[in-house]
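Please find one structure pasted underneath; my questions will follow.
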Amino acid sequence: LQMKITHSSKRTYWVLCNFSVYFRGVSEMLLTEPFWADFMRKMYVHTEAVQAALAKYKERKMPMPSKRRSVLVHSSVETYTPPDTSSASEDEGSLRRQGRISSTPFQSHSNVEPWLNRVIQGSSTSSSASSTSSHPGGKSAAASNTAPATTAATVLADLMAHTQIGVPVNSRVSSKIQQLLNTLKRPKRPPLKEFFVDDFEELLEVQQPDPNQPKPEGNQVNVLKGEPLGVVTNWPPSLLAALQRWGTTQPKAPCLTALDTTGKAIYTLTYGKLWSRSLKLAYTLLNKLTTKNEPLLKPGDRVALVFPNSDPVMFMVAFYGCLLAELIPVPIEVPLTRKDAGSQQIGFLLGSCGVTLALTTDACQKGLPKAQTGEVVTFKGWPHLIWFVIDGKHLAKPAKDWHPQVRDASSEIAYIEYKTSKEGSTVGITVSHASMLAHCHALTQACGYSEAETLTNVLDFKREAGLWHGVLTSVMNRMHVISIPYALMKVNPLSWIQKVCSYKARVAVVKSRDMHWSLLAQRDQRDVSLSSLRMLIVADGANPWSISSCDAFLNVFQSRGLRPEVICPCASSSEALTVAIRRPSELGGPPPGKAVLSMNCLSFGVIRVDTEEKLSVLTVQDVGQIMPGANMCVVKVDGTPYLCKADEVGEICVNSGASGTAYFGLLGITKNVFEAIPVTAAGMPVSDQPFTRTGLLGFVGPDYLVFVVGKLDGLMTVSGRRHNADDVVATALAVEPMKFVYRGRIAVFSVPVLHDDRIVLVAEQRPDASEEDSFQWMSRVLQAIDSIHQVGVYCLALVPANTLPKAPLGGIHISETKQRFLEGALHPCNVLMCPHTCVTNLPKPRQKQPDVGPASMIVGNLIAGKRIAQASGRDVSQLEDNDQARKFLYLADVLQWRAQTTPDHPLFLLLNSKGTVASTASCIQLHRRAERVAVALMEKGRLNVGDHVALVYPPGVDLIATFYGCLYAGCVPITVRPPHPQNLATTLPTVKMIVEVSKSACILTTQAIMKLLRSKEAAAAVDIKTWPTILDTDDMPKKKLASVFRPTSPDMLAYLDFSVSTTGILAGVKMSHAATSALCRSIKLQCELYPSRQIAICLDPYCGLGFALWCLCSIYSGHQSILVPPLELESNVSLWLSAVSQYKVRVTFCSYSVMEMCTKGLGTQTDVLRGVNLSCVRTCMVVAEERPRITLTQSFSKLFKDLGLSARAVSTTFGCRVNVAICLQVRLNSGPDPTTVYVDMRALRHDRVRLVERGSPHSLPLMESGKILPGVKVIIAHTETKGPLGDSHLGEIWVSSPHNATGYYTVYGEEALHADHFTARLSFGDTQTMWARTGYLGFLRRTELTDASGERHDALYVVGSLDETLELRGMRYHPIDIETSVIRAHKSIAECAVFTWTNLLVVVVELEGSEQEALDLVALVTNVVLEEHYLIVGVVVIVDPGVIPINSRGEKQRMHLRDGFLADQLDPIYVAYNM
């Protein structure tokens, strides 16, 4: 199902849904021009297999076959049967193959096996192959990767020192002694090693090997010997000797012809000119370049050669000039910008080679980026280079007595060729003079080169085959090279064929790409002839698509003189140079061969012949026989290099005098690659000579023909099966590439996610391709790869044309592309993730154990030595303030008493945004204002005792005065946040709902808000005619109250506390007079509050602890409260901290949103805090109803440490709806600091608490939520059985306290539904005590610390709200943990929220950056959630900053967000539905 959704903001995005995805198969390609259809048939015969695979989906009318797991799985994975994929026919085929193979064991190459005989056929067709993670037979044994255990005592001690649980501590005890005590008195925990071994077997489903998977059955293949190097009379003793001979005896013979971008010959270099210029350059380098009167260079130094692809003449002069001067040339690419793909790694190579000089041309040097001084800039990661231009005018004529030494070839280094590995690192391969000479000899013999032959070279002349044929071997044989620049090929792909024709070239060196693009242009040229060619060397003949190019090219150009035997694919590697090449028939080469191989078997490393009718076959052509003078064998890819069996794919190794000798400066990997010793199955070395690993995967067929099926660099091992990146590219190219893929540019690589490789395919999209077409193409590519390779593609991304990083000659720089993908810097325009299909090694879903009762749990805990998790604060009945507590039972009485005894004592001081005092209130002022409010309620409002009154005020003294006015009149106040004038549509309905739900008979407010409530704007949001009586209290008459109402019982209702929970539920709780005074008493005792104290409050005063601190506590305890409305911080972010400093406040309260505002707003503007000193602060408490945010509190502490804020000052509180203050951490005179523990996140998902060390894998830091208040008891209970739990279990926090709320207040009076929340009893043990259920999950830990009374301190850790937890795969996840992982995934993710929707995990991320980064986040988010939480993300929604709703306490409103997502109100930048 495809949906196109256009939002009101005109943003359009496409989503591909993963529900009942029925893909439309397409039976044949729809190409408009007849030529294209003809060409595609010839070029990609593989397309037929792809189209047949796609058509199969249409016939079967079923979703794409994949092992798709639901996000919520309750059944065991073993019971799941994957869809049948024609398993019967495959089984029959395997039986037939076994019969065929076992008939004739592979004795030797002369006795060729029948199964290999069938491989050899005349011509060629093509298909391609890889493997599976989602099909029967595709399972693998993933080995557990275990890290060595770290047992060093120093590490242990260090870890101990970093944890904060310890023994009783006094400030007088030195930190060293304390650390030692902590180390000695650790609670018993599992040994350290357990935390550093990833329990792979225990957690992830380890796929077992398929018993029916193919296994090699042939005999072991012995070392294959190439023909001996022929003895040539008068063969030069070195390459330089050959140059000297031709330069002096045949000075006019043409050596090299360079062409411009129009195809005209601009210069022909003769052998005489090459010799004389090389001499000049050698003389200049050795004698004319000095530094401090010392020669700059000495023999053996490395020199960089920086020449563009269009200037082969200068490159050749520079190369041979260096050789004559006994310097070592290091040819590299021209760096065009500071950010060239791979440029930094080239710089690293130059630095490690000690290069100080770079040779270049005048034109090239002018084109390089310059610094302000006019010098060439130093590129990132490069050493400082001296740039020397070698044009004629800069070279000196050699002195008459100076003659270079032309030595015989030795083992000294001749040149260094660079190579970029799969991971992107660049290494330099050294080639000796002797190897260079031997390689030229071997190529001359294999290719039958003769003097004065003409060769057309389309390849890069700086490295590999272009260098070997076009610069080295050509000089050895006095050949004439026509060099075709890349720029000319881009303009005229047919240029090389035209030059072959016009120069009657005998040999051409090309790549498949050059043949492919020349086919596209061949219609324009009817008069070209290729009859002069005797060899067309295909340098990348080992690639899977080269056979298609060769066949298609032959079909078109056979009529123009091209003979079939002329096409000579070859295989080479940077380390071993040329490995094998097909010989022309006149040189005695065997007829060409092709192998049609089963892809499924190849993915297991086994060769099985198949029929071309099958879809999943790979057709490969031979790359000829091994080079003269070389020995070759095939060894196992991994581990010890054992010889392979005849029907087994392995790495080709070569022993030859004509191969590279080492990686420059890298002894370790040199030994692995250049000094491999292949061994037999018995472990005996096959030779006393070392072999060089080529990095090519293949086997030896009949007639000693070498077949290559892939490269180690492109190998992707998915679920134990090997796939070749090139094969997957070939399949993707066969799906209508010309319509969607820009110039066939596709990159395939693998990324490790969740202990396995995952395949990523990135393609450049044509600029004219529509969104619909792109998604259509992407879904078809997924089908084709799944059908042909039986493997799932994890991520398919389309990027705009020309945006992938380029390799030097226009190809895709794979490692750089992979790096950008992993860093989120690829900027795709379309993304399709398929984790449901690919990820088959998730842990098994948790099976909940039925019928484990509460009694069993208690017995289990007792046996395990775990104590029952319960704790309590100080016992209030024994405290000295009991008499006062009895007097202070009603807050209205307390205020009257204070007005009489200390009338002028200041209680409140309100600050405005400028930091000046906006209003104050002493005891008598507050009492008189409250009296006036009470009179107004009775006279104007005509209210009765017990009526409910809504107080709609901004934070200030008016709110407090009207609250006590209601108590004086016997009414029940409800504080309500006023609506926001600029956002009435969303804020006013909440006000209306609270007024209605609370059954308020009257609204007290200011004149301004009263006008707002009755305005036209308000009428658009709510029905303003149904407001109850609205009274403004701005101008009240100064009347005295006859008598203050006194409640008949302490259990009478004092006020209602309404708030919206994070799950979007509006809940009001009832607070009695007894609970209200008990709450104030507990806070007074905990915070040691007295009339002489000052506290600063930066909280919203409308509900919970914020309301209690703002409106209640000062009246009860008599201390002065400095009130800082959080809203004022928006215009003056330093207001709160400045006030704390100005008034030298010791205790202050704030919310997380205030703390975040200060951290973000003041982190970069420390100048506004001049003069602020926070050393007075003993305790800064964050009021919250959530898990403590450790990262935020630590950032806050670090940021303001320089202003005197103590690191121990910041702590947290915990309260909830049923009890607004359960924990408060105050550090005044006594009591332990809050502790932090590290728990295993995986155990937490199973409701278990397992302590681990800091820094362990999967560790989660949790900070204690504060010290339990006096009179409060806490127990941890099971959420379902309601039985008590031990301290190693995660359960619901239950609380018993005199200040518990007495119940919910709801509109329909459905208290019965929630009665259990306030009157819960344990089902086992102490069944008499009445508890309130908080709805929060947590656990208790008895620490080694002591409190003031000498008792051991019990720490309460809050983990998260029970309502917000996500039940996925039978486990309990907390949204904040997933969100924390996602925020870490990319620097542009500002905020994140997760929720579930139809069993899918939905991740919403706010993008703080440009919209082109939006699609980068999809893969990163999916990866990180898989890696850290073993969950598959169903939907990724990218939105603008500020879309995720946050309440006044700074908590995310995830349910509001979910509703907005379902109602399509988020206006997202992009929505990705993972398949």
Quick one, Thr1319 with Trp1331, criterion side chain to side chain donor-acceptor pair (under 3.5 Å). Give me CA distance, side-chain angles, the key distance, then yes/no. CA-CA 6 Å; Thr1319 56; Trp1331 300 89; over 6 Å; no

Which residues pass the side-chain hydrogen bond (donor to acceptor under 3.5 Å, both in side chains) test with Gln896, not counting sequence neighbours?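 Listed in chain order: nothing, the list is empty.
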
Sequence neighbours excluded, which residues qualify as side-chain hydrogen bond (donor to acceptor under 3.5 Å, both in side chains) partners of Thr1006? none

Minimal non-hydrogen separation, Ile1268 against Ser872, with atom names: CG2-C, 4.0 Å

Going by side-chain hydrogen bond (donor to acceptor under 3.5 Å, both in side chains), name the residues that satisfy it together with Tyr968, two or more places apart in sequence or in a different chain.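 Per chain and number, Tyr968 pairs via side-chain hydrogen bond (donor to acceptor under 3.5 Å, both in side chains) with His927.
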
If you count heavy atoms of other groups shown closer than 6.0 angstrom to CZ of Arg1321, is the number above 12? yes

Residues 946-960 side chain polar contacts: donor-acceptor under 3.5 Å, at least two apart:
from, atom 1, to, atom 2, distance (Å)
Asp947, OD2, Asn944, N, 2.9
His948, ND1, Ser998, O, 2.6
Tyr953, OH, Thr1005, N, 3.4
Tyr953, OH, Thr1033, OG1, 2.6
Asp958, OD1, Arg929, NH2, 2.5

Tell me the salt bridge (Lys or Arg N to Asp or Glu O under 4.0 Å) pairs involving residues 1107-1122, sequence neighbours left out?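 Counting only pairs at least two positions apart or across chains, no salt bridge (Lys or Arg N to Asp or Glu O under 4.0 Å) contact touches residues 1107-1122.
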
Tell me the closest heavy-atom pair linking Leu1356 and Ile1222, and the distance in Å.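 Of all heavy-atom pairs spanning Leu1356 and Ile1222, the closest is CD2-CG2, 4.4 Å.
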
Expected output: side-chain Ser1121 to main-chain Leu1123 donor-acceptor under 3.5 Å: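 Side chain of Ser1121 to backbone of Leu1123: no pair is present.
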
Please list, chain by chain and in numerical order, all residues satisfying ring pair (Phe, Tyr, Trp, His ring centres under 6.0 Å) with Phe1339, sequence neighbours excluded. Tyr1357

Between Glu1186 and Arg1189, is the closest basic N to carboxylate O distance under 4.0 Å?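 Yes, charged N to carboxylate O under 4.0 Å.
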
Under the 3.5 angstrom rule, does the side chain of Ser1211 hit a backbone N or O of Met1181 as a donor-acceptor pair?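 Between the backbone of Met1181 and the side chain of Ser1211 there is no qualifying donor-acceptor contact (under 3.5 Å).
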
Within residues 1094-1119 or reaching into it, pairs that qualify as salt bridge (Lys or Arg N to Asp or Glu O under 4.0 Å) - sequence neighbours excluded: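 Residue pairs passing salt bridge (Lys or Arg N to Asp or Glu O under 4.0 Å), neighbours aside: Arg977-Asp1100.
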
Ser1153: which residues meet the side-chain hydrogen bond (donor to acceptor under 3.5 Å, both in side chains) condition with it, sequence neighbours left out?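 Result, side-chain hydrogen bond (donor to acceptor under 3.5 Å, both in side chains) vs Ser1153: Ser1151.
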
Quick check: does any side chain N or O of Gln900 sit under 3.5 Å from a backbone N or O of Trp897, one acting as donor and the other as acceptor? no

So, do Leu1099 and Val1154 sit near enough that their side-chain heavy atoms are less than 4.5 Å apart? no

Check whether Gln870 reaches the backbone of Val1274 with its side chain - one donor and one acceptor, N or O, closer than 3.5 Å.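 Not a single qualifying donor-acceptor pair exists.
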
Qualifying salt bridge (Lys or Arg N to Asp or Glu O under 4.0 Å) pairs, either residue in residues 1210-1225, two or more places apart: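 Applying salt bridge (Lys or Arg N to Asp or Glu O under 4.0 Å) to every pair that reaches into residues 1210-1225, excluding sequence neighbours, yields Asp1057-Arg1217.
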
Determine yes or no for a side-chain-to-main-chain donor-acceptor pair under 3.5 angstrom, with Arg874 supplying the side chain and Gly1271 the backbone. no

Qualifying residues under ring pair (Phe, Tyr, Trp, His ring centres under 6.0 Å), relative to His1374, sequence neighbours excluded: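 None.
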
Can Lys992 be said to sit on top of Trp1027's aromatic six-ring, NZ or CZ under 6.0 Å from centre and within 45° of the ring axis? yes

Search all heavy atoms of Ala1320 against all heavy atoms of Arg1333 and return the closest pair with its distance. CB-CG, 3.7 Å

Checking side-chain polar atoms at under 3.5 Å, does Thr1212 have a donor or acceptor matched by the opposite partner on Ser1265? no

Quick one: does Tyr1305's side chain get under 4.5 Å of Val972's, heavy atoms only?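 Side-chain contact under 4.5 Å: no.
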
So which heavy atom on Cys1002 is nearest to which on Leu937, and how close?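 Closest pair (atom of Cys1002, atom of Leu937, distance): SG-CD2, 4.3 Å.
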
Output for pair (Ile1009 CD1, Leu1004 CG), nearest 0.5 Å, gives 11.5 Å

Between Cys1150 and Trp1136, does a side chain to side chain contact (heavy atoms under 4.5 Å, CB included) hold up when you go through it step by step? CA-CA 9 Å; Cys1150 71; Trp1136 168 51; 3.6 Å; yes

Sub-6.0 Å ring centroid separation between Tyr1304 and His1317: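 Aromatic pair counts; centres sit under 6.0 Å.
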
Measure from the side-chain N and O atoms of Gln1120 to the backbone N and O of Pro906, and report whether any donor-acceptor pair falls under 3.5 Å.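 No, Gln1120 side chain to Pro906 backbone: no donor-acceptor pair under 3.5 Å.
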
Ring pair (Phe, Tyr, Trp, His ring centres under 6.0 Å) partners of Tyr1336, counting only residues at least two apart: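 Residues passing ring pair (Phe, Tyr, Trp, His ring centres under 6.0 Å) with Tyr1336: Phe1214.
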
Are Ser1296 and Thr1329 close enough, and set up right, to give a side chain to side chain donor-acceptor pair (under 3.5 Å), and what steps lead you there? CA-CA 8 Å; Ser1296 171; Thr1329 308; over 6 Å; no

Within the 6.0 Å centroid threshold, strictly below: Phe1107 and Tyr1102: no

Can you measure from CG (Leu1053) to OH (Tyr1055) and round to the nearest 0.5 angstrom?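 Nearest 0.5 Å value for the CG-OH distance: 10.0 Å.
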
Heavy-atom closest pair, residues Ala1301 and Phe1318: O-CD2, 3.2 Å

If you compare all heavy atoms of Tyr1152 against all heavy atoms of Arg1187, which two are closest, and at what distance to 0.1 Å?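 So the two residues come closest at OH-O, 4.3 Å.
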
Is the backbone of His905 close enough, under 3.5 Å, to the side chain of Thr902 for a donor and an acceptor to pair up by distance?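 Such a contact is absent between Thr902 side chain and His905 backbone.
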
In a table with atom names and distances, give each donor-acceptor pair under 3.5 Å that connects a side chain of residues 1043-1052 to protein atoms at least two apart or in another chain.
from, atom 1, to, atom 2, distance (Å)
Arg1046, NH1, Asp893, OD1, 3.4
Arg1046, NH1, Asp893, OD2, 2.0
Ser1049, OG, Asp1051, N, 3.0

In Å, rounded to the nearest 0.5 Å, how long is the span from CD1 of Ile1293 to OG1 of Thr1334?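 Interatomic distance, Ile1293 CD1 to Thr1334 OG1, rounded to 0.5 Å: 5.0 Å.
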
To the nearest 0.5 angstrom, please state how far the SG atom of Cys923 sits from the CZ atom of Arg928. 11.5 Å

Give the C-alpha distance, both sets of side-chain angles, the deciding distance and a yes or no for side chain to side chain donor-acceptor pair (under 3.5 Å) between Thr1235 and Glu1264. CA-CA 6 Å; Thr1235 55; Glu1264 177 188 349; 3.3 Å; yes

